[in-house]
Structure formats: structure tokens, C-alpha cells
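Both counts, for ligands and for their atoms, begin at 1 and track the order of listing.
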Amino acid sequence: MTATMQRLENVRLATMTGEGYGLIDDGVIVFDHEQIHFAGKRNEAPDVTAEIIDGQGGLVTPGLIDCHTHLVWAGSRADEFAKRLHGVSYAEIAGQGGGIAATVRATRAASEHDLVKVTTPRLQALLREGVTTIEIKSGYGLSLEDERKQLRAARQLAELMPVSVQTTLLAAHAVPPEYKDQADAYIDTVVESIIPTLAAEGLADAVDAFCESVGFTPAQTERVFQAAQAAGIPVKLHAEQLSNQHGSALAARYQALSCDHLEYLDEAGVQAMAQAGTVAVLLPGAFYFLRETKQPPLQLLRDYNVPIAVSTDANPGTSPILSLQLMLQMAATLFRMTPEECLRGVTVNAAQALGLRDRGQLVAGMRADLCLWNVEDPAALTYQFGTNPLSACWYQGSRR
Ligand SMILES: O=C(O)CC[C@@H]1NC(=O)NC1=O
Ligand SMILES: [Fe+3]
């Protein structure tokens with residue numbers, strides 16, 4: 001134990017251990033910059049010299065984890081949003097050079113510094129709501145130089161702000177304009193150059209792909225997985241978002257950390273994910289923004305004990321949403337997840353979706369990333385939105 005020991009008391013702990021909240025009333029949590037040293041009942045707490053913090057009867061959870069974002073991008077698609085509401089179709093907008101291509105053009109034109117600058121307020125919005133770990137994907141560069149630029153910007157944000165960033169290389173997000181109608185040739189570049197080069201530079205903690213009728217085929221996706229495997233990097237997948245490409249079963253064969261979206265996931269895919277220990281990441285923001293109607297198979301995921309995470313999918317096209325607390329509410333209201341499942345979805349299960357075992361629960365030995373909330377019932381974190389009940393947040397034992 002160190003001189004900077006802190007003892008947060010007079011709180012209720014949502015440890016996120018076991019199946020539900022793992023609640024402990026009249027709790028105490030003892031921590032420093034290195035780790036949590038004790039989380040449990042006051043009468044079992046160690047007698048150590050520490051700075052005492054009165055939690056005033058609030059609720060303590062692990063720091064929140066947003067495990068699926070495209071947070072680094074330049075430009076805006078607000079104009080497309082307006083056009084759609086004026087009756088212009090997606091196809092017309094794409095034909096006018098809109099969609100992901102518009103964000104690719106703007107991101108390619110931005111410098112690494114520009115990307116850090118425009119992403120900072122987005123990240124600040126998420127930190128204000130208690131996010132202490134975030135995953136940030138590339139995927140708007142679609143060339144070695146521009147994918148590198150996005151991932152370097154993501155790494156810089158972790159240096160500049162009190163948050164842990166996991167990067168994901170999503171070069172297989174879309175076919176860039178210079179490879180129009182040559183998807184296989186672009187995948188050649190992705191697997192032969194972009195993945196091995198950026199893996200060697202330590203810029204990618206995971207590799208992802210968009211396996212979809214409007215994205216890449218399962219065969220092209222598998223080539224991406226094989227390149228990631230050769231580079232020793234785990235994979236995840238945008239899967240079954242708009243149709244059933246059986247991408248989840250493919251990802252499970254590569255022990256994917258997670259499969260994400262999953263509105264069109266079938267039982268074979270659920271079974272494969274369960275056997276591989278792959279996490280299901282549900283993205284209610286994109287479901288809502290696209291006015292999707294096909295629900296992810298929540299009961300099947302429960303029946304097969306597939307861990308379920310929830311995330312913002314923050315991106316300029318299908319989920320321009322910078323509130324993880326709103327995702328808790330939407331996951332409950334739109335997908336009918338229970339409040340316990342929702343909170344587990346942004347803590348312990350979100351950590352597993354990123355392959356992280358040192359966070360997401362209030363357990364001795366884990367990181368001291370903590371949120372103190374001005375609520376009594378943990379369900380209030382899922383029930384309400386538009387108000388931020390966060391009283392205090394500690395990142396690696398330091399109050400933010
Ligand atoms: O429209 C965008 O900018 C990204 C869309 C986003 N990417 C993906 O693979 N699925 C999505 O919903
Ligand atoms: Fe996404």
C-alpha cells in the first residue's frame with residue numbers, strides 16, 4: 001500500500017461481480033494510483049492510513065467503458081442528415097459523394113493535429129459521463145498513411161487526457177475511391193501492407209472489418225482475419241448489421257474478442273460466439289438513428305450465456321451520439337435489456353470485448369477507475385437520461 005492511499009466510504013458498491021450488480025451496502029473501497037486494494041463491507045475493510053473520502057451515500061461503479069467507437073474523424077454529415085429529412089435517398093447521397101466517402105475525404109485532408117483537435121471535445125463529452133476506457137477505430141483513412149494518422153491521433157488522445165484508449169485498425173471499413181470496383185485489390189493492400197506495417201508500429205490493439213452486403217464479403221473478411229492472426233493481433237467484427245452474412249460464425253472461428261451490431265444474428269452464430277467466448281456488442285444508437293426494426297436476438301444471447309456489451313458506436317454517419325449514459329437507456333428501452341445487463345454492458349462485459357481483464361469490476365488488484373454517482377438505485381443509471389448523475393470520477397486512482 002502506498003502513501004497516496006485513499007478510502008472512499010459511506011457508499012453502496014456495484015462491484016459488477018457475479019451475475020448482476022454485485023451490490024455491497026455500507027461499503028468501502030481502498031485504492032491508490034496502482035490499483036484497488038479493497039472493495040467490500042466497512043466492517044471488513046483493512047485499517048490503513050489513507051485520505052478519507054465521504055461518498056455521502058452515493059453509488060460506486062467501475063469506470064465506464066465505451067468499447068466501440070469511430071471517434072477520430074474530420075468533417076460532418078449533418079448536411080446529409082438534413083437531405084435525408086428533405087427526402088433525398090441514401091443512394092442519391094452516395095451518388096453525390098456522400099456517406100463514408102465524404103468522411104474519408106475530410107479525414108484524409110486533416111492533419112494528425114487537426115484530428116486530435118476535433119476529437120478532443122467529443123472525448124471530453126464522454127469523460128464527463130464517467131468513461132475511463134474507450135476503444136477508438138480507424139477506418140476513415142483507407143490508406144496506410146491515413147489509417148496510421150488516425151491511430152496515432154487516437155494514441156495521442158490517451159497521452160493528453162485521463163482516459164485509456166484501445167485502438168482498432170478498421171482499414172476494411174469501405175473501399176476507397178482509388179480502388180472503386182476493385183475491392184479485392186484493396187483487400188490485397190490491407191492484408192499485405194496496412195495490417196502488417198501498422199501492427200509492427202504498435203498502433204493496433206485489434207483489427208476489425210465491416211462484413212456486410214454493402215461492406216466486405218466473408219471471404220474478404222477472412223483474409224483480413226488471417227493477416228491479423230499472422231501479426232498476432234486479436235480481431236473483432238462489424239457483423240450482421242443489415243443482413244446475415246454469417247460473419248459472426250466466421251469471427252468466432254478466429255476467436256474474435258467481439259462481434260458488433262448483430263441485428264441479423266442467427267442461432268448458429270450465437271452458438272459459435274458462445275463456444276468461442278466472443279462478446280456480443282449491441283449498438284442501440286445506430287439501431288435508433290437508422291430507424292432499424294430488426295432487433296438483435298437478445299433472448300438467444302441470454303440462453304447461450306454470451307456476454308453482452310453496449311456502446312455508442314460514435315461515428316458521423318449512423319450514430320453521431322456522444323453519450324454512453326443514453327446508450328444504457330436505449331439498450332433497455334429499445335432492446336429490452338435489464339438495467340443489470342445494461343450496466344454490465346458498459347463495465348465488465350465491455351472490458352471483455354476489448355480483451356482487458358484488469359478493469360470493469362470493483363475487485364482488489366484491478367485498476368482504480370471509479371465512478372461515484374448521485375443515485376441510490378443502480379437502475380436509475382439506465383432509467384433516466386438527459387441528466388448526468390456523476391458526482392466524481394477517479395482514473396487510475398487520481399480524481400479527474
Ligand atoms: O457511415 C459511417 O460513417 C460509418 C457507418 C458505420 N460503419 C459501419 O461499419 N457500420 C456503421 O454503422
Ligand atoms: Fe461501428
- Answer yes or no: does atom OH of Tyr179 have more than 12 heavy-atom neighbours from other residues, nucleotides or ligands under 6.0 Å? yes
- Note on the structure: Partner of Lys137 under side chain to side chain donor-acceptor pair (under 3.5 Å), picked from Asp208, Thr168, Asn315, is Asp208
- Item | Same apolar cluster: Phe216 and Val104, side chain cutoff 4.5 Å | yes
- Note on the structure: For Asp205 and Val165 the tightest heavy-atom approach is OD2-O, 4.1 Å
- Indicate yes or no: does Glu92 engage Lys83 in a salt bridge with an N to O separation below 4.0 Å. no
- Task: Indicate the ring-plane relationship of His261 and His68, choosing parallel, tilted or perpendicular according to the 30° and 60° boundaries.
- Result: perpendicular
List below, pair by pair, the N or O atoms of ligand 1 and of the protein that are less than 3.5 Å apart, including the distance to 0.1 Å; reply 'none' if no pair qualifies.
from     : atom 1 : to     : atom 2 : distance (Å)
ligand 1 : 1 (O)  : Arg77  : NH2    : 2.7
ligand 1 : 3 (O)  : Arg77  : NH1    : 2.9
ligand 1 : 3 (O)  : Arg77  : NH2    : 3.3
ligand 1 : 3 (O)  : Tyr140 : OH     : 2.6
ligand 1 : 7 (N)  : His173 : NE2    : 2.8
ligand 1 : 9 (O)  : His173 : NE2    : 3.4
ligand 1 : 10 (N) : Gln241 : OE1    : 3.0
ligand 1 : 12 (O) : Gln241 : NE2    : 3.0
ligand 1 : 12 (O) : Thr318 : OG1    : 2.7

- Task: Look at His68 and state whether any of its N, O or S atoms is less than 2.8 Å from the Fe ion (ligand 2).
- Result: yes
- With sequence neighbours excluded, residues passing ring pair (Phe, Tyr, Trp, His ring centres under 6.0 Å) with Tyr264: none
- Message: I'd like the atom name of the N/O/S atom in Asp313 lying closest to the Fe ion (ligand 2).
- Response: OD1
